Every structure is written in C-alpha cells, then in structure tokens.
Amino acid sequence: MTSPVLYFRKYFNKVQVMGVDQKKITNIEVKKRNRNEVFRYICKQETVSNPEISYQLKISLPTATQITKELLAEGLLEEKGELQSTGGRRAKALSAVVNARLAVGLDITKNHMTMALTNIVGEIIKYERISKPYVSGEAYYRQASETLETFLEESGVDKGKILGVGISFPGIIDVEQEMITYSHILGVEAVPFDAVSAFFSYPCYFINDANAGAYAEGFYHDGAVHFFYLSLSNTVGGAIFNGNELIQGRNFRCGEVGHMTVVIDGENCYCQKRGCLDAYCAAWHLSDAADGNLERFFALLDQGDAEAAKIWDSYTDYLAIAVNNIHMLLDCDIVLGGYVGSHMGTHLQELWNKVAVRNTFGEKEPFVKACNYKVAAAALGAALKVIETFVSQI
C-alpha cells in the first residue's frame, strides 16, 4: 500500500507538471491569438508600422516586432520603405502580400455556375458566370472541375498559391456530418462532401448559398455587426450574421425564410408546400416579365412601364411583409442580397415605405439596406470562408 506521504508527493508533483503544461499551452494560445490579430490588422491597412501595431492592439513593441518578423519570413508580409518620421527614427512600412495566398469560390445554382478568384485580403481578382444547368451525378462535378481549371489558367495565377475551393450550394449544408443533407431546388439529398470534392484538385469547403452571401457582406465590417441577409435570387434564402460569424441553427437550417408561410394556402412552392415566401419573391417573378432578363425588368420599371410597375407593386407587398416579420423577430438590419437585392437601387425607398407602414414601433431610421456586393456574392463568400480558415490558423 502506498503511504499517505508518498501519495501526496506524487499528487503534488503531478499538479506541478500539469501547471507547467497548462501554462505552456496558454502561452502558445496567446502567441497564436496575437499573431492572428496582428495579421488581420495589417490586412486591413495599406501600410502600417510596428509601433502602430503595438499601440492599436495593445501589445508590447518587442512582441509586435517579433510577430511581424516571423510573418515577413513566411512571405505573408513585405516591407515597403519607411513611414514619415514623427520625431524619431523612421519606422519601417509593412504591408500584407495580398497575393501570397489565393482562394476560389464556386457557386452552384440550378441553371448557372459562378466562379470567383480572391486574394488573402478578399479582393476579387477575377469572376465569371456561365450557364450550366445542374444535373446530379459525377459527370457534372467532373465538368465543373474542368471549367474551374480553365478559369484559373486564364487568370494566369500560380495555382500553387491556391488554398482551396469554397463551394456554395442552395441547400442544407451539415458540416458535422460533412454532407449536403438536401436541396429541394437541385433535387438532391444526402450527398457526402467527398462525393463532390473527389473531382477537384484542391481542398474543398462547403457552405449554403445564403450563408455565403451573408459572409461576404459581413467580412469587411469591424466590430460586432448584426444583420439578416435576405437572398432574393431564383430561390429565396436567408442567413443571420452575428459578430464575425454565421448563426447556423441546430440542424444547419437557420434563416430558411424562403419557406416560411406568407399566404395561407397560397401559391405552390417548389418545395411542394403552398404559400411560401419563395412562391412570391423569387427573382424569376420579375425576370419572367422581361424575357428572363432581370436587368431588363428594372430598366422597364425605371422607364415607367405600367405592367412592370404592377408586378413590382405586388412583389414588394409580399417582400415588405417578410422584411417586417424578420425585423420583429430579430430586431436587426435586413440586407437585401441575391439578384434582386443587387438591382434594388433607387427602388429601395419604395419597399421601405411599405415596411414602415407595417412596423409596430414606428422606426424612423430605415433598417432595410441593399447589399454591398452586387456580383458573385455567394461565390465570393465561399472563397472568403477558405481565406478565413487559413487566416484563423496563422
């Protein structure tokens, strides 16, 4: 039997070792967090100095200098001369090497495929949207991969710098099961991620299309921004962006407002239910009135076309109901994205007038806003998730 004295000596020694290990882990985590914050800060500035980093991020100057030295050695930063003197020795000007790493976003829809190439600070280097009807099966993904390779070759970038491909789908993306659980609009369910990624030459990251659009919208905000992203494309979707992350929900279905009921026993929806918001506010309700061209519809609307005005009036009636309901539930700004949100422009005021009439609290400041990213938003957001995955590990 072990004596009480020996037992407590062993226990005490174990606690000491655990304490040292815990301290070591904590120091590693602090260093990683500092590196991450420094790199993110530099990415948002054109040029910056170590003293400025130290001051703004409230870390010591030796710590800031050591971190930037490491990032310079890794090729993620570069020196760009010296900054203007403020009375002492001139500080070195540091900038992010914006093309040190690249990412690709691939947005798959029922009838199109959009590709976006971005750099490490989220700038779009090149994008392209092509007509490509979705057909479930290996042939589609093989062709999608070939199309993507051609897109990258035409861009002239070093493919060795590509971190991965973010793939945006109009469906439920379960990142825990690593599966596209289902997509009504594409007619697929229970598609494992690796059944898609197997055809691509790069690591693949999967994201819902509305979530991708929301992520693109929130990526450049500083601090805690909170909004609901309402995606108005040929399907209607939504996403909640809170702080610097997306709210996913228990089953990764958070924000699926396209299938909330706005009219009891109303129009048929593609999901086989009736009265869904999607049945009234999908973009095709507008584009179908202009030979399938949404830009032409808004041009007709701007020209005072009576039929276009009638369709728009009906469309915004239902949209106003949805926007007000979402705001009542979440008490946040509503950002209109997707095809319609990108064309909203001067017509946003018309929608706000209808929302304001319904709003219980008589809010004077409009909480309905048009999206900042008018093209390739879902593809951009998918690419940015790849960038974020890399940056978070720096």
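Nothing here was measured: the structure is a model prediction, and the numbers come from that model. By convention here, the first residue in the shown sequence is residue 1.
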**OP:** Please tell me if the side chains of S392 and R40 come closer than 4.5 Å, counting only heavy atoms from C-beta onward.
**Re:** yes

Are the side chain of H112 and the backbone of P133 linked by a donor-acceptor contact shorter than 3.5 Å?
no

Exercise. Under a 4.5 Å cut-off applied to non-hydrogen side-chain atoms, are Y205 and I167 in contact?
Worked result: no

> With no hydrogens and no angle check, do the side chains of T47 and K80 hold a donor and an acceptor under 3.5 Å apart?
Replying inline: no

Distance-only donor-acceptor pairs under 3.5 Å for side chains of residues 206-217, two or more places apart:
residue : atom : partner : partner atom : Å
N208    : OD1  : A210    : N            : 2.9
N208    : OD1  : N211    : N            : 3.0
N208    : ND2  : G171    : O            : 2.8
N211    : ND2  : Q248    : OE1          : 3.3
E217    : OE1  : N372    : N            : 3.3
E217    : OE2  : N372    : N            : 2.7
E217    : OE2  : N372    : ND2          : 2.9

What I'd like to find out is whether the side chain of R358 reaches to under 4.5 Å of the side chain of V323, using heavy atoms alone. no

**Item:** Side chain S95, main chain E46, donor-acceptor under 3.5 Å
**Value:** yes

Looking only at heavy atoms, the pair that brings M115 and A379 closest together is C-CB, 4.4 Å

Original post:
Just checking, is any N or O donor in the side chain of D302 or H347 under 3.5 Å from an acceptor N or O on the other one?
Top reply: yes

message = For the backbone of I264 and the side chain of T261, can you confirm whether one donor and one acceptor N or O come within less than 3.5 Å of each other?
response = no

**Item:** Any donor-acceptor N/O pair, Y280 side chain to E267 backbone, under 3.5 Å
**Value:** yes

### Query
So, does S54 use its side chain to make a donor-acceptor pair with the main chain of I59 at under 3.5 Å?
yes

Parallel, tilted or perpendicular: which one describes the rings of H184 and Y270, with boundaries at 30° and 60°?
perpendicular

Worksheet item: Could you go step by step and tell me if Y315 and H285 meet the ring pair (Phe, Tyr, Trp, His ring centres under 6.0 Å) rule?
Response: CA-CA 8 Å; Y315 181 94; H285 286 285; 7.2 Å; no

Taken to the nearest 0.5 Å, the spacing of T68 OG1 from N50 CG works out to 3.5 Å

(Q) Would the distance check show the side chain of T389 and the main-chain N or O of K385 forming a donor-acceptor pair, the cut-off being under 3.5 Å? (A) yes

query = Is D278 reaching over with its side chain to a backbone N or O of T235, donor-acceptor style, under 3.5 angstrom?
reply = no

| said: Using side-chain heavy atoms (C-beta onward) and a distance below 4.5 Å, is R296 in contact with D291? | reply: yes

- Within-4.5 Å side-chain heavy-atom neighbours: L230 and L232: yes

Close aromatic pair by centroid cut-off 6.0 Å: F298 and H343: yes

Quick one: does T150's side chain have a donor or acceptor within less than 3.5 Å of a partner on E146's backbone?
-> yes

- [ ] Flag the pair M328 / N324 as yes when at least one side-chain heavy-atom distance between them is below 4.5 Å, and no otherwise.
- [x] yes

Q) Does any N or O in the side chain of S233 come within less than 3.5 Å of the main-chain N or O of G338, such that one atom is a donor and the other an acceptor? A) no

When rounded to the nearest 0.5 Å, the distance separating CZ of F193 from CZ of F169 is 9.0 Å

Worksheet item: Is there a donor-acceptor pair under 3.5 Å between the side chain of R101 and the backbone N or O of K161?
Response: no

Close side-chain approach of F361 and D331, heavy atoms under 4.5 Å: no

_What I'd like to find out is whether the side chain of V104 reaches to under 4.5 Å of the side chain of L117, using heavy atoms alone._
yes

